[in-house]
*Asks:* 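Would you mind keeping the following structure in view while I ask a few things?
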Amino acid sequence: MPSLITTSALQGLVPVRHGALALTDATPARITSVAPFKGREADVAQALKPLGLRFAAPNQVVEAAAGRCVWTGPGQAFLIDADPAPLTGLAALTDQSDGWVGLRLSGPGAEDALARLIPIDLRPQVFGAGSAARAPVGHMLSVVMRAPEGIEMLLFRSMARAAVHEIGVAMAALAARQQA
Amino acid sequence: MRLSGGLLDRSSRVDFTFDGHAYQGFGGDTLASALMAGGVRLMGRSFKYHRPRGVMTAGSEEPNALVQIDRGSGRAAQTTPNVRATMQEIYPGLSARSQNRFPSLAYDFAGINDLLSPFLSAGFYYKTFMWPRGLWEKLYEPLIRRAAGLGALSGRTDEDPYEKAWAFCDVLVIGAGPAGLAAALAAGRAGADVILADEDTRPGGRLLSERLEVGGRSGADWAASTVAELDALPNVRIMTRTTVTGAYDGGTYGALERVALHLADPRGRPRECFWRIVAKRAVLAAGALERPIAFADNDRPGVMLAGALRSYLNRYAASPGARAVIFANNDGARQTAADLRAAGLEVTALLDVRPDAADDPGAPTFAGAQVTGTEGRHGLTKVRFRHQGRLHEVVADVLAVSGGWNPSVHLTCHMGGRPVWDPALAAFLPAPGAVPGLSVCGAAAGRFSTAACLTDGAEKGAEAAQALGFRPKAAEIPQAEDGAYAIRPFWLVEGKRRAWLDFANDVTAKDVKLAAQENFASVEHMKRYTTQGMAPDQGKNSNVTALAVLADATGRGIDATGTTTFRPPYTPVSIAALGAGARAKGFAPERFTTSHAAAAERGAPMIEAGLWYRPSYFPRPGEATWRAACDREVGYVRAAVGICDVSTLGKIDIQGPDAGAFLDFVYANTFSTLKPGRVRYGLMLREDGHVMDDGTTACLAEGHYLMTTTTAAAGAVMRHLEFVRQALRPELDVQFISVTEQWAQFAVAGPKSRDLLNTLLDAPVDGTAFAFMACGEISVQGVAGRLFRISFSGEHAYEIAVPARYGNALYRDLVARAEAMGGGAYGMEALNVLRIEKGLITHAEIHGRVTAGDIGMGRMISAKKDCIGKAAAQRPGLTGEREQLVGLKPVQPKHELGAGAHLFAPGTKADRVNAQGYVTSVCWSPTLHTNLGLGFLLDGRARIGKRVRLVDHLRGLDVLCEVTDPVFFDKEGGRARA
Amino acid sequence: MRITCPHCGARDRREFYYLGAEDYLHRPAEDAAPAAWDAYLHLRDNPAGATRDLWYHEQGCGAWLLVTRNTVTHEILGVRAVDGEATE
């Protein structure tokens, strides 16, 4: 049986490097949106425990070996990488794996570059380990997360090219300012 | 002339040009200081009278020395008009030009305006050029506009980079003079996140311009060491060349940073950055601006503000002349005299309007004297003054004037605060609490001595930090001068000749008096009548003096006269900076489908659908027009099979025990009865009874639905659904999320669609079991997908969905298979024709003013349940006689129709009164070999078979049409069910 | 202008979509008199002072918010999610 090949929305777009900053592909292997049904919040928490995760509180990302759980709105989180099977029947589970691209901006000054696009305070003392936010990147909806190696953003797959372009412009402008 | 000393970097010589002549300056020079050092006094021509003008200030408030800066060459040549020479740092190769003159700065033909001045007084254009009326727009206004003015734009798009950015802090300190430095130090030492912003190239403010000591060191040294300490604090960020331009709600401040305007080669740096700074607290330490005194011919090059002269002498080591007269109403005159002497220049007279002024030890002092006039065509040569009733005349090339200082209260006015008049200081002070979270210190608060600035700044900085929970320690205030501010209000030397108030807009004291005389006595009316304060400097140099003159003219005090307010921005902000990031595509991100590359490879022109890009048609060699391609693609679907990417339609995954009830509430028709594996068309109303959107919703499983919306309304529908769930029906247990991006979905439409799918799917589709409006899970070459038997073309058709990563591969595969079967890809044009032939609606029809009844779907509003829009749909006006959706067929099939045309009964005049409807969609139908239209016609359904006139005055159309049912093709729908 | 979203914290006004008056929360019953529907849909106060209106955190968490603010001073007096949580 022939099989359909896959195409990454970031193909040929990343990595982008300017100065000490690098923009790379951080698209998770799997994303499932989890929205607990009424009264099932405790059951969802219980089901996440064996994964080493908990249902993320607002503006939080929780990380464990199995994956991550990031808050994406009231009563809703994205389960990243981990298998959502244990949550079946407890929450509305929707496969989002193909809907988003992940971009990671790393290097000193990543926050400064993103200050050109994201209207929230991303400095480490405010947006440190475990921080996440729903915030726009330019005009694009996003889930922004602090990651060990920089800041990660989930963006609509269809906007991958626009997102890489806009972040690239911000990176280049910052790098230009930093040159001797 | 160039003096010794100053804060210049003498090791770096900078060559530049002004009006084509070569000049040299040093690192640290502004264009104004370098020109002054090079002996240039004449730097511009005034706005209206084209009077010769020289530099008057040393800061961003400069009204006279406005120049044009050129950059680039050839096609990339750019020019920036109205640049203040006092703010432009020189760089190697800088090319500056004077403005508003022809043919040259020294010989300006329009200088004739000055002689015509009796006819050009305030409001002249209301009086002089009123007749004949018709000439105003054609002749007078263009003439006046050409004669009056400043610099000119290049007329080319500015391709250079600009940027916008956000910054956040605990305490924003605005201004880095002694008060601002002290405030930043206090807040920074306490641990608060501080941003210290200053519009100058280096922090220090007046400390850089005055010969004074702070803590036993020169002011400039103290500033430098304080900056070094601040720099070492990780929680302090110093932003130089950054003007805070506005104070806005919620602690948001706008600021313009000049990033690369001082660089010969920016090497990719943005020219400017517009910052939005969000601060929990702010300290305004913006200092004060000196104001002139108005007297006859007070605008000649060489006449300048005394504090500015001190800046040029002490900081820039430049002087506009060797012999100076000082004219003042305050003690600052003594410092000016001392500084002039220290620079080795002569003070020929010190004129103090105060009769009791003490003699200055180093200068001939004339207490109670007033300047009565000046001479010098392109620069000051003589000063005349009256002293004890006698007229004197002295030779001078510099006249330093001080009428006192105006605290820079501007930002405190940006949220409606009105400054308060302080008679002792003869100045307006900021209204307390005018901007929530902002305190004012130092000269901006009327505390003028250096010691007062340092003390006040430290206090306000500490208070700001303390308010945020930090614990500032008591600061040691260094020793500094603490002189009292002794001033006697004095505004205008009365006389017959013109005395300028607003230099930038050429407003004289006479104009203000004329305004008062003609009963424009309110300060706001005076401003608009005379244009006082409306120039690029926004009255920074002149407003207070002008309203003092107005107060005198009307016999009211300054207090009662009040002041006009200051609005953002504090200094001009380029549109390029404000619009940074929004140029070209930056304004709206592009969304691409997974089939975009494949469509582009086929040469398909793209059409924008919201943010999405969709192929219009797929041209083939030999096809002369888009119509040829479109007709061919329609044929694919009617005769074989066509493929179209429909992923852009909004897709919403809805789950939960109450999902059915939720759908029943948001849709006019019922969905709770829909069985798993079935799809239903749904009509969504707005609460006001009009149609909001339509689409199909599939029941994937018990309590699990997939809603589709139109491409255009996807965002609005999501917002609406969230509102209904959160605000109106929070009791429902329902969850939903957009899956538009998750699924790549393609229409496979046409009589051979099932045959095509059965070559592709892992298990074949059974036509009977998988009937019209069925849905289910499928497997495509091992990939789990979904199949929907729905049709937007009226043909036997499917939509096949796979996770987006497979979209590119599946689309290419589908098109290849379709081509092998005599079909192929079709674009938006063909899709549009197919749906018009079937009378299917889009947002061209459901444009916001139509009801379910108008489109023939009134009976879809279920009587058995409540839904959004149900009550309003029944109100008078939305029922009864209305314009209804009909088909339109030209009596002569070849006659083209036009969308937007209006409909009239035959034999009536085609005007507004007789209009009976309008056309929403038109096409050529290659299937029926006729032009077709959809439109809304008054009582249309009753008029089927009758005729109407279709008239489009813009396109010159007048076509007789037959009114038909909106469904032109396969009215019984047999083809879709086949 | 900044609005403190009960979920996300203080955010710039540009992240929010403005709908209109609080009235939209008080939907009449299906069979309410036409006057009630008219009032619900169309009749609005225009106060100088405190007003309550609906904003949607469209570029953020998607919460619908009831914002109490002063139309004269622009002061935001309170924000709460229409389905619960409040801030300020």
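Chain A is the first sequence line, chain B the second, and so forth, proteins listed ahead of strands; every chain is numbered from 1.
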*Asks:* Output the distance between atom NZ (Lys870(B)) and atom CH2 (Trp37(C)), rounded to the nearest 0.5 Å.
*Replies:*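 Here the rounded value is 10.5 Å.
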*Asks:* Backbone N or O of Gly848(B) within a donor-acceptor pair of the Arg686(B) side chain at under 3.5 Å?
*Replies:*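 It does hold such a pair.
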*Asks:* In terms of heavy-atom proximity below 4.5 Å to chain C, should Ile868(B) be classed as side chain, backbone, both, or neither?
*Replies:*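 Ile868(B) touches chain C through backbone and side-chain heavy atoms alike.
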*Asks:* Looking only at heavy atoms and a cut-off of under 4.5 Å, which of His42(C), Arg2(C), Arg27(C) has the most pairs with chain B?
*Replies:*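 Greatest number of close heavy-atom pairs with chain B: Arg27(C).
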*Asks:* Using non-hydrogen atoms only, which part of Arg725(B) is less than 4.5 Å away from chain C: side chain, backbone, both, or neither?
*Replies:*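 Neither part; nothing is under 4.5 Å.
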*Asks:* Could you look at Leu66(C) and say if it's the side chain, the backbone, both or neither that has a heavy atom under 4.5 Å from chain B?
*Replies:*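 Contact with chain B: none, neither part.
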*Asks:* Can you tell me how far the CG atom of Leu732(B) sits from the CG atom of Leu663(B), to the nearest 0.5 Å?
*Replies:*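 Those atoms lie 10.0 Å apart.
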*Asks:* Does the Thr245(B) side chain pair with the main chain of Gly254(B), one donor and one acceptor, at a distance under 3.5 Å?
*Replies:*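 Side chain of Thr245(B) to backbone of Gly254(B), a donor-acceptor pair under 3.5 Å: yes, one is there.
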*Asks:* Could you tell me which portion of Ala32(C) (side chain, backbone, both or neither) has an atom closer than 4.5 angstrom to a non-hydrogen atom of chain B?
*Replies:*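 For Ala32(C), there is no contact with chain B at all, as no heavy atom is under 4.5 Å.
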*Asks:* Please look at Leu41(C) and chain B and tell me whether the side chain, the backbone, both or neither of the residue comes under 4.5 angstrom of a heavy atom of that chain.
*Replies:*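 The side chain, not the backbone.
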*Asks:* So which of Phe16(C), Trp64(C), Tyr18(C) actually passes ring pair (Phe, Tyr, Trp, His ring centres under 6.0 Å) with His57(C)?
*Replies:*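 Among Phe16(C), Trp64(C), Tyr18(C), the one that satisfies the ring pair (Phe, Tyr, Trp, His ring centres under 6.0 Å) with His57(C) is Phe16(C).
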*Asks:* Nearest 0.5 angstrom please: Ser672(B) OG to Tyr705(B) OH, how far?
*Replies:*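 Those atoms lie 6.5 Å apart.
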*Asks:* Name the region of Tyr24(C), side chain, backbone, both or neither, that has any atom closer than 4.5 Å to a heavy atom of chain B.
*Replies:*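 It is both, since atoms from each part get that close.
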